[in-house]
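Let me begin by presenting the structure, written as structure tokens, before commenting on it.
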Amino acid sequence: MSAFKLKSAFKPTGDQPQAIKKLVESLEKGVSDQVLLGVTGSGKTFTMANVIEQVQRPTLVISHNKTLAAQLYQEFRDFFPENAVSYFVSYYDYYQPESYIPQTDTYIEKETDINDELDRLRLAATTNLLTRKDTIIVASVSCIYNLGSPVEYGRNILELAERLSISRETIIERLIQLQYVRSEFGFHRGTFRVRGDTIDIFPAYEETATRVIFGPKKIEKIIKIHPLTGQILPSSIIYPPPSVTVPPPGSFNSVVIYPAKHYIADITSVGDAFNQIREDLTKQIQKLTAAGKDLEAHRLKQRVTYDLEMIEQVGYVNGIENYSRYFDGRSPGEAPYSLLEYFLKPYNKNWLVIIDESHMTIPQIRGMYNGDHSRKKTLVEYGFRLPAALDNRPLRFDEFLTRLPQVIYTSATPALWELERASATGVVEQLIRPTGLIDPAISVRPTAGQVGDLIGEINKRVTKKERVLVTTLTKRMAEDLATYLADQKIKVHYLHSEVKTLDRTDILDDLRAGNYDVIVGINLLREGLDLPEVSLVAILDADKEGFLRSETSLVQTMGRAARHISGLVIMYADHITGSMQRAIDEVERRRKIQLEYNKRHHIIPQSIKKPIREKLTDRLEKSWVETEMRPILSEFGNLNIEELTPYDRKKVVKRLEKEMREAASLLEFEVAAQIRDKIRQIKAIS
């Protein structure tokens, strides 16, 4: 079994070594909850990578959105190139949940556009967990959603080995039970093809295919092939199964084929589940009829009867997850299986959870259950689903907590909840940046004449080729201020939620490149926002208490100026609020520690010099975004969709859907989101 091996050209510096030491020591002592308070730019991800290498435990890293999860996935993959680093997020490019609006009698059918590449990565993550201990999974909060039983998933496998006595027909039958589709022409993930005495299998979680060659009575050879060219690949990439019983295991290739889907019903052992479904169906019909809901009762009977027939015949139906409680053997109200169970099954509590940007991720996890429950409760009341559908849900927050092993919460501004959880051992602080940079100085100035004062400060930075961020309280203020600054010959742009996701990234890149000197926005504290050229952050109306001017928001916003040696924060306010004072005190506390450290170690701070981050696609020899995506978006942006025939609209949608999936497969979610919006616009017209 491979061990975690960290590969990096850098060694822990600053106070990273003491943070790593404290975290590891507490983990070894069995401490359940720890907080890593790491300032912006202190290298929290590198610290956590060192912790993983030292404790040698499978690890789940949870982030609060796909984009940051993708960034963490790339970083951990670079740190651990020899280990199994997986990416687990929602596999939908587009997701419209099933719902019903009683007020207008509107039923909205579930509509999804599943990204095959993200589905493969999800399946690869669970497969890695069941076969390799050296696994790191970077996940979004989708990790708390119903996933299907890990027992059924792990039990429904096909173990093959050279010299194993098994017929070709038996393998074909077993592959169909594992939800693989026989396809002689379209060979893609989740399919297999038969050619004479050869079966080619394309596992749903891999990028290579497996060829099984039969002799008269047994398997002669198992090889890996390229799914497109058929080229034979090195046999070393075949993962050995956890327990192959055929002798001798040492000198022959062997492979395990896991199911093509996480939800799988064993049609040979679902009799009890079917009986329970029919019994619950009868009870629910009686309940609806007694309430005078004859239409709802008829609707429910039709839906459930059809679903059961599909499951009996093919072992699967769209929406089978709504019956997962029956197949999992769970009681009504019992928590569903999630990715956490895939850790718990093989490792019990001997694994690690890292919750990144915990001040954002924890509230998101806490809020998932209620919204899902409200929507499904309406579906049940109006006869679209059995009450068991309520048990196809995300974990409640208390259920999530009971499943956690030891946890490390990482944030520059941890919330009170995390701090209280870690109160027994205190907070591990990482306040020293490897470059010696200190937190920005803070100046509080009156609101009278604030715009004129701000323009003067901006002009100082422009002459030094430095950048400025300005935060306001409303979108209108952001746009009006940006317009006024532009009239003063300042290169400026505004940024808020109505600016498209892809455009936001482009605007920030243009700021770094010098096409803009100033960005005006409402909420410029986004975690992971990396702008080393910014030397000034101006906060207008800093004394207006609320979410945007809370202690946490202020500290996060001020941190945007912490990557420049001349970093300065100006708060325009007529009085100092409690949030302002606490934020100022915290930043001053950090500055004091950083200055003392630099003095003691004779460190001269250096501004961060960082090239504008390449997109993942830019690493390709042929830039897909430049050669394919940009021209398409430009072409369709100027196209009058209403003038197209319905047939031409379908062609445009089909082409865009292909590009959307390609973007998402390259982790370019912002590009995919823009294409998705264009597809919705065209479909709405159609």
Side-chain angles (χ1 to χ4, degrees), residues 31-37 58-66 68-69 72 88-90 95 97 122 125 137-150 262 321-322 324-325 328 330-345 347-349 351-380 387-425 427 527 547 550 552-553:
V31 174
S32 59
D33 297 88
Q34 298 184 78
V35 169
L36 174 63
L37 192 162
T59 302
L60 172 63
V61 182
I62 306 178
S63 178
H64 66 277
N65 69 51
K66 276 185 176 182
L68 288 182
L72 286 169
F88 190 97
V89 298
S90 170
Y95 177 65
R122 285 167 61 92
I137 296 181
V138 180
S140 66
V141 294
S142 64
C143 66
I144 69 170
Y145 277 77
N146 190 9
L147 192 60
S149 169
H262 281 121
E321 63 272 13
N322 290 294
S324 59
R325 169 162 67 79
D328 295 345
R330 291 184 283 127
S331 302
E334 188 177 346
Y337 297 111
S338 65
L339 181 65
L340 295 145
E341 268 72 26
Y342 284 77
F343 278 93
L344 287 167
K345 179 181 179 290
Y347 305 115
N348 195 12
K349 292 282 188 172
W351 50 292
L352 179 64
V353 168
I354 298 170
I355 300 184
D356 187 61
E357 303 295 353
S358 58
H359 65 284
M360 294 289 290
T361 307
I362 289 295
Q364 194 175 94
I365 293 173
R366 186 184 281 116
M368 291 293 102
Y369 170 80
N370 289 331
D372 182 85
H373 181 79
S374 175
R375 176 176 58 83
K376 287 179 179 161
K377 185 179 178 182
T378 303
L379 290 170
V380 172
L390 295 171
D391 293 320
N392 167 46
R393 58 176 175 83
L395 296 173
R396 295 195 306 268
F397 191 57
D398 61 315
E399 295 168 338
F400 170 73
L401 294 179
T402 60
R403 284 157 174 75
L404 294 181
Q406 292 173 287
V407 185
I408 298 175
Y409 307 93
T410 70
S411 174
T413 54
L416 180 61
W417 183 87
E418 297 104 83
L419 295 175
E420 290 177 345
R421 297 278 291 188
S423 60
T425 56
V427 176
E527 293 74 7
F547 170 73
S550 66
T552 297
S553 294

I'd like to know if the side chain of [X] reaches the main chain of [Y], judged simply by a donor and an acceptor atom lying under 3.5 Å from each other, with no hydrogens or angles considered.
X    : Y    : answer
K349 : L404 : yes
T361 : E357 : yes
D391 : G333 : yes
Q406 : V31  : yes
T402 : E399 : yes

[atom1]-[atom2] distance between [X] and [Y], expressed to the nearest 0.5 angstrom:
X    : Y    : atom1 : atom2 : result
T410 : I354 : OG1   : CD1   : 7.5 Å
S140 : I365 : OG    : CD1   : 9.5 Å
T59  : L352 : OG1   : CG    : 4.5 Å
Y409 : D33  : OH    : CG    : 4.0 Å
Y145 : L339 : OH    : CG    : 14.0 Å
I62  : I355 : CD1   : CD1   : 5.0 Å

Of all residues at least two apart in sequence or in a different chain, which pass the side-chain contact (heavy atoms from CB on, under 4.5 Å) check with [X]?
X    : answer
T378 : Y100, P102, Y382
P414 : V35, L37, S411, E418, L419
S63  : L68, A69, L72, D356
A125 : S86, F88, I137

Checklist line | Proximity of F397 and W417 rings by center, below 6.0 Å | finding: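 Ring centroids of F397 and W417 are less than 6.0 Å from each other.
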Next item on the list: Using the six-membered ring wherever Trp is involved, compare the ring planes of F343 and Y347 and label them parallel, tilted or perpendicular (cut-offs 30° and 60°).
Entry: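 The arrangement is tilted - the two ring planes meet at 30° to 60°.
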Item checked: Within residues 331-340 or reaching into it, pairs that qualify as side chain to side chain donor-acceptor pair (under 3.5 Å) - sequence neighbours excluded -> S338-E341
Could you check if a side-chain atom of [X] sits within less than 4.5 angstrom of a side-chain atom of [Y], using non-hydrogen atoms only?
X    : Y    : value
R325 : P336 : no
N146 : L395 : no
V407 : R421 : no

Check: Taking only residues two or more places apart in sequence, or in another chain, which ones meet R330 in a side chain to side chain donor-acceptor pair (under 3.5 Å)?
Finding: S324, D328
Next item on the list: Please step through side-chain contact (heavy atoms from CB on, under 4.5 Å) for the pair W351 and V353, ending with a clear verdict.
Entry: CA-CA 7 Å; W351 50 292; V353 168; 3.3 Å; yes
Next item on the list: List the steps and the verdict of side-chain contact (heavy atoms from CB on, under 4.5 Å) for L147 and R122.
Entry: CA-CA 10 Å; L147 192 60; R122 285 167 61 92; 3.4 Å; yes
Checklist line | NZ/NE/NH1/NH2 to OD/OE distance under 4.0 Å, R393 and E321 | finding: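 The answer is no: the pair does not qualify as a salt bridge.
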Notebook entry, point to check: Which heavy atom of H359 sits nearest a heavy atom of A415, and at what distance?
Noted result: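 Taking H359 first and A415 second, the nearest heavy atoms are CB-N, 4.2 Å.
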Checklist line | Minimum heavy-atom distance between A389 and K376, given as atom pair plus value | finding: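 Minimum heavy-atom separation between A389 and K376: O-CD, 3.4 Å.
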Next item on the list: Scan side-chain atoms only and decide if S553 and S550 contain a donor-acceptor pair under the 3.5 Å cut-off.
Entry: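 A pair is found: one side chain offers a donor N or O, the other an acceptor, under 3.5 Å apart.
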Next item on the list: Evaluate the criterion side-chain contact (heavy atoms from CB on, under 4.5 Å) for residue pair L340 and L60; output intermediate values, then yes/no.
Entry: CA-CA 9 Å; L340 295 145; L60 172 63; 4.0 Å; yes
